[in-house]
Amino acid sequence: SDSATPVTPAAFPPAFLWGSATSAYQIEGAVREDGRTPSIWDTFSHTPGKTAGGETGDIAVDHYHRYRDDVAMMADLGLGAYRFSVSWPRVQPTGRGPAVQRGLDFYRKLVDELLEHGIKPAVTLYHWDLPQELEDAGGWPERDTAHRFAEYAQIVGEALGDRVEQWITLNEPWCSAFLGYASGVHAPGRTDPAASLRAAHHLNLAHGLGTKALRSVMPARNSVAISLNSSVVRPLSPGDPADLAAVRTIDDLANGIFHGPILKGAYPETLLEATSSLTDWSYVQGGDLELIHQPLDALGLNYYTPSLVSAADPDAKGPRADGHGESAHSPWPAADHVAFHQAPGERTEMGWAVDPTGLHDLIMRYTREAPGLPLYITENGAAYDDKPGADGAVHDPERVAYLHGHLSAVRRAITDGADVRGYYLWSLMDNFEWAYGYEKRFGAVHVDYATQVRTPKASALWYGRAARSGALPEPDGI
Ligand code: PNW
């Protein structure tokens, strides 16, 4: 045999979905068109000091007007799936009452465009853009918001359920609850730890009520899931019981608070105890846990980097290093005894450690904890400081290496018995990165914000080759 022949990379299952992901506020722009009203992210981004450079999603990457070109670009790249989110205030401007037809029409046209290009749509109902009127009425800490979400879910399910099979209720409720209501680095920017725990429960309840509403109006073949930013939490010293206790605290607040009720029908006892100084959890009403713990068709995992924690030195005061944004307020209620650490090694522009093994560990954990439940990686990707070169091309070898490493970890997990059905690269194109504005570029496609010109980076071409062949090209093959 010829020893110079490169090893053929192991193929992925033939039905594996090779997709990319975006969210409405991060790409659409057109914030005052066709009856849309402000969401909490419009209000927040227009509040001085909340986002880098005071940037907003007013225009973003103008996807609302360019969706046809963007879909054609995905098809040219060879991508087979696309995860996007619906803007709630486009569909229900006050968060209640009848739907705005023009808002629904935009998503129907987008879906039809995708289907015509052979791209499988996955709809996320809530990717953080709560109608401002609902926040004015109390937001996620209020129970009524969960009922409003169910009504909205039913409207969108009725409108698109005949042509979209894959549904995701919420994206990363951890961010909505704890970055939104505890650390305040995300909209609505509140810093009330007790309210953030109420928000977490009402987000869980919204998932349960929303799932039920979707199932009541959609064909039974459709799949309903939730996307969680399930953290991989590691101890600084694996042999130190105090560090292992810190892992437990953060694992409960990051994972158990959502997976517990959703997958097992109960909040972890250790979470209830640890947070008892802030809340008595009396807003968890009879029947809530049954609603939240409904059969799911799939679980979405969003993964970027693991967390490294230890017991805190009680005297240590100083900047936090948990990678969750700058704030004097912690996004971790009742976790003052935990310190976060920066892992050594390579990092992305976000300062997040590059650690593909974490993705393998995460997939294997949920393979054990939710046996039989199909898994999707609904987000994974990296920000790098990409600039077009003199030739106009964008060379992003770091992102190619990141994707190769993480997709290899997914492939390994499948070999180890995990049922991973698809992967959605975050993100299709550069976009509004929340509190970081347009500074951090997660796109596989470069966007020149002055002209809105899209240029596929080397990583987009590499990923497209993977998608077309169903196997991973060598990272330096481009
Ligand atoms: C996710 N954290 O956000 C979101 O789903 C995307 O909209 C976002 O663009 C992407 O990841 C990249 O940031 C996160 O502080 C924001 O741990 C913050 C955190 C995690 C995810």
Side-chain angles (χ1 to χ4, degrees), residues 20-28 39-41 44-45 51-52 55 57 60-61 63 83-87 122 124-129 168-187 196 203 226-233 250-251 253-255 258 300-309 320-327 329-332 340 342-343 347-355 358-359 362 376-384 399 402 406 424-444 447:
S20 70
T22 62
S23 87
Y25 190 68
Q26 295 181 273
I27 65 166
E28 285 180 1
S39 76
I40 55 176
W41 266 97
F44 186 78
S45 65
T51 66
E55 283 165 339
V61 295
H63 172 75
R83 170 177 179 249
F84 64 93
S85 81
V86 173
S87 159
T124 303
L125 287 171
Y126 186 72
H127 201 127
W128 309 353
D129 44 1
I168 292 154
T169 54
L170 308 177
N171 177 68
E172 302 197 355
W174 182 84
C175 293
S176 299
F178 299 110
L179 301 183
Y181 293 91
S183 73
V185 300
H186 279 188
S196 72
L203 284 154
I226 183 168
S227 287
L228 299 169
N229 47 332
S230 316
S231 299
V232 176
V233 190
I250 297 306
D251 189 59
L253 285 166
N255 300 315
F258 302 106
L301 302 174
N302 294 0
Y303 174 81
Y304 292 91
T305 190
S307 298
L308 185 60
V309 305
R320 307 169 50 77
D322 68 356
H324 298 99
E326 296 290 323
S327 174
H329 302 271
S330 170
W332 305 105
F340 285 80
Q342 194 59 261
R347 297 188 215 161
T348 70
E349 269 297 292
M350 298 297 282
W352 296 349
V354 176
D355 190 336
L359 179 55
L362 180 69
Y376 289 86
I377 307 308
T378 40
E379 283 180 26
N380 175 241
Y384 288 106
R399 185 173 291 98
Y402 183 100
H406 287 75
Y424 296 86
L425 191 171
W426 185 272
S427 178
L428 171 66
M429 52 192 162
D430 294 335
N431 60 48
F432 177 72
E433 177 51 31
W434 306 113
Y436 296 91
Y438 296 93
E439 253 170 35
K440 306 289 185 216
R441 293 178 176 272
F442 273 93
V447 179

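Position 1 is the first residue of the sequence; numbering continues from there. Start at 1 and go down the list; that is how both ligands and their atoms are numbered. All of these numbers come straight from a predicted model, not from anything done at the bench.
When each atom of ligand 1 is checked for a heavy atom of Tyr304 under 4.0 Å away, the hits are 10 (C), 11 (O), 12 (C). Here is the list of ligand 1 atoms found below 4.0 Å of a heavy atom in Trp434: 6 (C), 7 (O), 8 (C), 9 (O). When each atom of ligand 1 is checked for a heavy atom of His127 under 4.0 Å away, the hits are 4 (C), 5 (O), 6 (C), 7 (O).
Residue Trp352 touches ligand 1 through its side chain alone, judged by heavy-atom distances below 4.0 Å. The side chain of Asn171, and not its backbone, has at least one atom closer than 4.0 Å to an atom of ligand 1 (non-hydrogen atoms only; side chain from C-beta on).
For ligand 1, the polar-atom distance check against Glu433 finds a nitrogen or oxygen pair separated by under 3.5 Å. Between Trp426 and ligand 1, a contact under 3.5 Å exists for at least one N or O pair.
Residue contacts with ligand 1: Trp128 is included, with a non-hydrogen atom under 4.0 Å away. Distances shorter than 4.0 angstrom do not occur between any heavy atom of Lys440 and any atom of ligand 1. At least one heavy atom of Leu179 lies less than 4.0 angstrom from ligand 1.
In this structure, Arg83 pairs ionically with Glu379, as a charged nitrogen and a carboxylate oxygen lie closer than 4.0 Å.
Counting only N and O atoms by type, the side chains of Tyr402 and Asn380 include a donor and acceptor under 3.5 Å apart. A donor and an acceptor atom, one from each side chain of Tyr25 and Ser45, are located under 3.5 Å apart. One side chain, Thr378 or Ser227, offers a donor N or O that lies under 3.5 Å from an acceptor on the other.
Scanning both residues, His329 and Ala182, for their nearest heavy atoms gives CB-O, 3.5 Å.
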Worked verdict on Asn229 versus Asn171 for side-chain hydrogen bond (donor to acceptor under 3.5 Å, both in side chains): CA-CA 8 Å; Asn229 47 332; Asn171 177 68; over 6 Å; no

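Heavy-atom proximity to atom 4 (C) of ligand 1, evaluated over Gln26, His186, Glu379, Met350, is greatest for Glu379.
Between Phe340 and Trp332, the ring planes are parallel. Angles under 30° get that label, and only those over 60° would be called perpendicular. Below 30°, between 30° and 60°, or above 60°: for Phe178 and Phe258 the angle between ring planes is above 60°, a perpendicular geometry.
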